[in-house]
Each structure stands twice: as C-alpha cells, then as structure tokens.
Amino acid sequence: MNLIKSLSEETISQISAGEVVERPSHLIKELVENSLDAGAEEIEIDFDQGGRFVRVKDNGCGISHSEMPLALARHATSKIQKTEDIWKLNTYGFRGEALASIAGVSDLTLISGLKGKNSYKLRQVFGREESVDPIGELEGTTVIIRSLFENTPARFKFLKSEGAENSSIKTTLKALALSQKQISFRVLQKGRLVFYWPPQKSLSDRTAQVLGAKELYCVEETKGAYKIQAVVAPPHHTLKNKKSSWFFVSGRWIESRVIQAGLMSAYRGLLMHGEYPLAVISLTGPSDEIDVNVHPTKSQARFKNSSFIFKLVESPIHRLLEQAPWTKKIIQPTPAKKEENLNFLNPEFKKTNWPIKQQEYSAKALSQLAWQADPTPPLKERDGKLNPTDYKTSSDLEKISWSDLQILAQAHLTYIVCQSDRALVFIDQHASHERIIYERIFHSWKKGEVEVQSQLVPLVLDLEEGQAVALLELNEELKKLGVQLESLGPHSLAINSYPPILKEKALQEGLLFLAKQRLETGDSFSFEKVVSDLCATLACHSAIRAGKSLNLEQMQELLKQMDEFPLSSFCPHGRPVFVEYPISRLEKDFGRII
C-alpha cells in the first residue's frame, strides 16, 4: 500500500491548470475576463500555433509593482475577502487561480503598471519566477503566453489540431464579444487582423456584427429581479447543431439545459427535427439564486428555480415568434421601383414595369376560370359574389395578409402559385392546411373544448416505477385534453376516456414520453410539448394532400384561413409553408438587370 504524501507545489500547479485551462481557448477566456474585471474598454488578442502563443493587451487599471508577484500566486485575489463574498459575485474571476495556473504550464510574461507610473515586466517560466524589471510607462496590462503545455507532454498530446484549436479560440472570442457589447475587441492571428468589433449600443447590433446575421428580432422582459434579453433569427435560419445558440448568465457565456429547453419550446412547431435556431439570450438575476461556481471553467450555472427560468426564456420568445415578423416582407409588397424608360415615341412602349391589375371575380367566373374540374366542395362554403377587396393592389391595402396575394395557378397539384408586387410566392397546400388544423385543435385543447369519449373497456397503460405517480400528478392537465386516468397499482394506469380523434397507439406513446420527461426534468413544461406533438400528428392526417386538385375559390379560401394564425408560414413539424422567388431575381435571370 502506498503511503499518503503531500503533493509538490509543481504537481498541484499542473493539476490546477488542468482544471482551469483545459484548452487554449479557456486560457484566452480567463485572460480576457481579467481584462474586463480591470475595467478595460479596449482589448486586443493575438494568437498563433493553435493558442500555444497568446498575447492579450488591454487598457484597464493595471497592477502596481508591489502586487505583481501576488497576481501570479495561487489563491491570491482582490475579488473576495470572506466566504460570503462568493455568493455575491459581480466579477468574472474570483478564485485567484487563473494566472497562477497558466504560469505553471507556460512561459508567461506579465507587463503592467498603474496609470501615470512606470510599468514593470514579470516573467515566470513554468511556475519559476525569473525577474521583475521596470519597462517604462505603458497603459493597461499585457499578458504574453509562450510554449503552452510544453512541460506537460500528456496534456499537449491531447490538444486537437491547430485548425481545430484556432476555431475554438475564435468561437470563445465571439462569445466574449457578444457578452460585452460596450467593449472594443481586436482579434489578430499571427499578427494579422481577423476580427474588429467596435462597441455597439444594443445586443441585436452586436449580434449582427459578430455573427453576421442580417434578419434578427429582439425581445426583452423583466420578471421580479430577473431580466432577459433575447435576439433570435427567424425559423428558416437554422443550423444542424446547438452552436448557433448562445447563452449568457450575468455576463458569463454558459451551457444550460434549462435555457436550451426554453428556447426550443419557444420554437415549438417551427423547426424540423435536428434543427436549432440562431439565438443570443442574456439573463441576469439575483446572485444568491444563481450559482456560477459549478464548474472550474465557469461554463455552467445552477438556478434555484429552473421552472421559473424555463418560462422566463420560453414565454417572451414564443410571443415574439407568434407574431411571425418575418412574413411581413413576404406578404407586404415593397414600394414599386422607379420606371426606366426606353427611347420609343409611344409612351406605352417606354414602360418596363407593369402593375398588377385590380380585378373583380364572381364565384361563377372563378369556377369557369378553373383549369381543372374538381367536384370536391370548397374548404369552407362562401356565398355569392366575391368582394373586390379580395384582389387589391398594394396601394389600397391597410392590412396586408396572405389572402391579399394574387393567385395565379396551382402547380403540380401541390403548390399554390401567387404573386405580390415584389415576388412570386409558392405555397404548399398540404403544409399550410396542416398548420391551420393544428392551430384549431391545439387552441381547442387550451380552451377546454376538446370532445371526449368514455371507454366501456378502459385502455391499460403499463409503466415503470415512478411513472404512474408522475402522470397522476398531471391528471388535471390531462383532463383538459379529455384524458381521464385512474390508478390500477404502482405500475399501471387505466385510461377511462380520451378524445375520439386520438389514436390509441399515439395516445399511449405520448403518455409514456410525458412520464419519462416528467421524471427526468422534475418539471411539467414537457406536457404542452406532448399535446403539441399529438395535435401535429392529427393535423397531418387530416390536411389536404399533395396531388389534390383545387379550384381558384378553394385556393383563395385556404389563404384566407392562413390569415387566422400568425405562424402559418411553417407547418407544425417545422417544414416551410412557402418559398419566395423575388421579381428582382427573375429579372436578373432574364438579363433585364445585372
């Protein structure tokens, strides 16, 4: 048996470095956060060799000559004085380990000084102090890292390729810039400028600047001592991974299952499977209700009330998305372009742009104009003569809507072809009708208007330990869906009633999923998702199919029903309902414009 022995300071330093600095990107994060704590307004980062060389320069308050050795000492910090301070943090660094840990696995040079006084240079090579020398009057602090992990071959061996480490560094710097919109960041690689992010006034401006997103929507909400700011992109701007979603708590870039769940719930019914939205979410709240000291790299946070945080994220973003602001540019025509005249004598020959004409059609004329005979009755009975307002020009419209698009044709017995002043718009008849039916079923459930049918022979649902109790806790919510449960024992439930529109298999699978989610998360926010998924399945089986012939009046009625629901631009499974073909692109394809 080996005897218990105290570890050497060198070993302790390397262990600590492994916890705080897992990769070069973590090192840069620590150094930049030190600059932010020093009140820096301008930060410059230069890196090379996948982060084995790093230089971070700031214009912060600096460090005095006498305190420079302490800056590289373990557990020496100006951020906390007593235990209670840990739970009232308003700074990034506080444990006093970052510089000491980095110095233990690199050749580190620290250059700093107070404003108006001489600066000093302190060098440590793998934790061994070399010298402290005056260097003249310089502004702020500069930290230079060379030969990172050279004295720890095992850790160096597990670094990824230089390209992968460079990519991780850039991602980290983007996150830092997003979290601090008022700070100027200059990022260099091998001495060449790759990013320059000057200060911005708003989170949406910073998001557009750093991520290059052009179409963004912002929402803010305050609940008690908590505040959330969210900048999100429309559902048709997505990625296949979570890297497009950025979360910040009290200015720290973190990973959070709760915030991720709230965001995805807000986009419920707008994303296809495996898609993730572009979003930047910044949350602040009481320091005694948010624990940021969960992980050595401070990349995670623990919340006192996770259900509250979920709703804080989900509710405002969902309300924003329900307005479907991205559709305005599709169904609201842009101002007509200035006409370009050709040199012809007759003024009529000078026109190159022709307006859409306002027309009035009777129901009889519509049926005569229909190019495909279809004995199927319209989606919804309409009486008599169609109003002239059904076919308005854009100049006459006060409220723009899907039904204001001019229908041209049905393509491939699947797509409704329309036009506005600025584009051709192709609408998927099945997807659009699917959204309409989904919204009606889902809202019926919310209003408690779902039809219920009692079962002479109840369905029996076999469950694992704890799942029956989890579902019975949601019995009141399930009753709103028309589902009545009764306990048959610790591992089974009887389903005494449920809506006749629900299939038995779909109902049983949905309840099993709900029970599992309830046990895993301890929250009930997954219930609405289960109901949403059930309604989406029902809508899919009930909607008009592709290949179904529609006459003009039926197509107009479908567009009119789309106006009832803001989210008509996506089917409940997240598939797009429409595709836009701008007239400008058409003119370019025909060589009319360059």
Side-chain angles (χ1 to χ4, degrees), residues 20-36 43-56 58 92-93 98 102 143 145 148-149 155 158-181 183-190 192-198 200 203-214 216 230-233 237-257 259-260 263 274-283 292 295-301:
V20 177
V21 186
E22 295 177 1
R23 299 179 65 179
S25 56
H26 297 145
L27 175 151
I28 290 178
K29 175 176 176 288
E30 293 286 348
L31 295 180
V32 171
E33 288 181 344
N34 280 346
S35 296
L36 294 171
I43 303 175
E44 181 178 280
I45 305 98
D46 191 4
F47 66 95
D48 192 7
Q49 303 168 25
R52 295 193 65 219
F53 167 83
V54 173
R55 178 175 59 83
V56 176
D58 67 55
Y92 289 102
I102 295 168
V143 180
I145 306 296
L148 181 65
F149 295 143
R155 186 165 299 280
F158 283 98
L159 286 179
K160 297 185 179 180
S161 67
E162 183 172 330
E165 295 296 348
N166 287 341
S167 178
S168 177
I169 289 169
K170 291 174 183 177
T171 298
T172 298
L173 290 172
K174 287 180 179 180
L176 289 164
L178 287 170
S179 71
Q180 299 291 327
K181 63 181 185 297
I183 305 298
S184 171
F185 287 86
R186 289 171 56 87
V187 180
L188 299 90
Q189 185 175 353
K190 297 183 179 180
R192 189 172 70 178
L193 185 68
V194 290
F195 298 125
Y196 174 50
W197 300 311
Q200 296 296 318
L203 181 60
S204 57
D205 288 342
R206 187 63 136 188
T207 301
Q209 179 192 61
V210 174
L211 302 184
K214 296 181 180 179
L216 296 168
V231 177
V232 298
H237 292 169
T238 60
L239 290 180
K240 295 297 183 182
N241 55 56
K242 299 177 183 178
K243 293 181 180 179
S244 58
S245 302
W246 307 72
F247 307 142
F248 303 92
V249 174
S250 301
R252 298 177 186 275
W253 179 38
I254 67 160
E255 298 175 358
S256 171
R257 292 181 60 185
I259 297 178
Q260 181 72 47
L263 174 64
E275 288 185 338
Y276 296 89
L278 187 154
V280 177
I281 298 175
S282 177
L283 188 150
V292 295
H295 192 275
T297 62
K298 293 166 286 186
S299 60
Q300 300 174 19

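Since the structure is predicted, the reported quantities are computational estimates derived from the model, not experimental observations.
- Residues meeting the side-chain hydrogen bond (donor to acceptor under 3.5 Å, both in side chains) test with Gln260, sequence neighbours left out: none.
- Summarising the geometry of Gly51 relative to Leu148, their closest heavy-atom pair is O-CD2, 3.7 Å, with the distance given to 0.1 Å.
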Could you go step by step and tell me if Trp246 and Ser282 meet the side chain to side chain contact (heavy atoms under 4.5 Å, CB included) rule? CA-CA 8 Å; Trp246 307 72; Ser282 177; over 6 Å; no

Could you give me the CA-CA distance, side-chain angles and deciding distance for Ile102 and Val143, then say whether side chain to side chain contact (heavy atoms under 4.5 Å, CB included) is met? CA-CA 11 Å; Ile102 295 168; Val143 180; over 6 Å; no

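- The line from CD of Glu44 to CG of Leu188 is 5.0 Å long, rounded to the nearest 0.5 Å.
- Partners of Arg206 under the salt bridge (Lys or Arg N to Asp or Glu O under 4.0 Å) rule, at least two apart in sequence or in another chain, do not exist in this structure.
- A heavy-atom distance below 4.5 Å is found between the side chains of Gln209 and Pro198.
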Between Trp253 and Leu176, is a side chain to side chain contact (heavy atoms under 4.5 Å, CB included) present by the stated rule, with each step listed? CA-CA 7 Å; Trp253 179 38; Leu176 289 164; over 6 Å; no

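- In this structure, Thr172 has no side-chain hydrogen bond (donor to acceptor under 3.5 Å, both in side chains) partners at least two apart in sequence or on a different chain.
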Could you please spell out the steps behind the salt bridge (charged side-chain N to carboxylate O under 4.0 Å, His left out) verdict for Arg52 and Glu162? CA-CA 9 Å; Arg52 295 193 65 219; Glu162 183 172 330; over 6 Å; no

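- One distance of note links CD1 of Ile259 with CD1 of Ile254; it measures 4.5 Å at 0.5 Å rounding.
- Every residue two or more places apart in sequence or in another chain that forms a side chain to side chain contact (heavy atoms under 4.5 Å, CB included) with Phe195 is listed here: Lys170, Lys174, Val187, Trp197.
- Taking the side-chain hydrogen bond (donor to acceptor under 3.5 Å, both in side chains) definition, one finds that Ser204 meets it with Ser202, sequence neighbours left out.
- Shortest non-hydrogen contact noted between Ala213 and Leu278 is CB-CD1, 4.2 Å.
- Taking every heavy atom of both residues into account, Leu203 and Leu178 meet most closely at CD1-O, 3.7 Å.
- Taken from CD in Glu22 to CG in Leu27, the straight-line distance is 12.5 Å, to the nearest 0.5 Å.
- Remark: Ile28 CD1 to Ile169 CD1 distance equals 4.0 Å, nearest 0.5 Å.
- Of all heavy-atom pairs between Asp58 and Ser35, the closest is OD2-OG, 2.7 Å.
- Atom CG of Leu159 and atom CD of Glu165 lie 5.0 Å apart (nearest 0.5 Å).
- A distance of 13.5 Å separates CD1 of Ile45 from NZ of Lys29, quoted to the nearest 0.5 Å.
- Heavy atoms only, all atoms of each residue included: Phe248 and Ala175 are closest at CE2-O, 3.2 Å.
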Indicate every side-chain donor-acceptor pair of residues 237-245 with a distance under 3.5 Å to a residue at least two apart or in another chain.
from	atom 1	to	atom 2	distance (Å)
Asn241	OD1	Lys243	N	3.0
Ser244	OG	Pro277	O	2.9
Ser245	OG	Pro277	O	3.0

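- For the side-chain contact (heavy atoms from CB on, under 4.5 Å) with Phe247, the lone residue among Leu283, Val280, Leu263 that qualifies is Leu263.
- With a 4.5 Å cut-off on side-chain heavy atoms, Val56 and Asn34 do not count as touching.
- Nearest heavy atoms, Ala177 versus Val210: CB-CG2, 4.0 Å.
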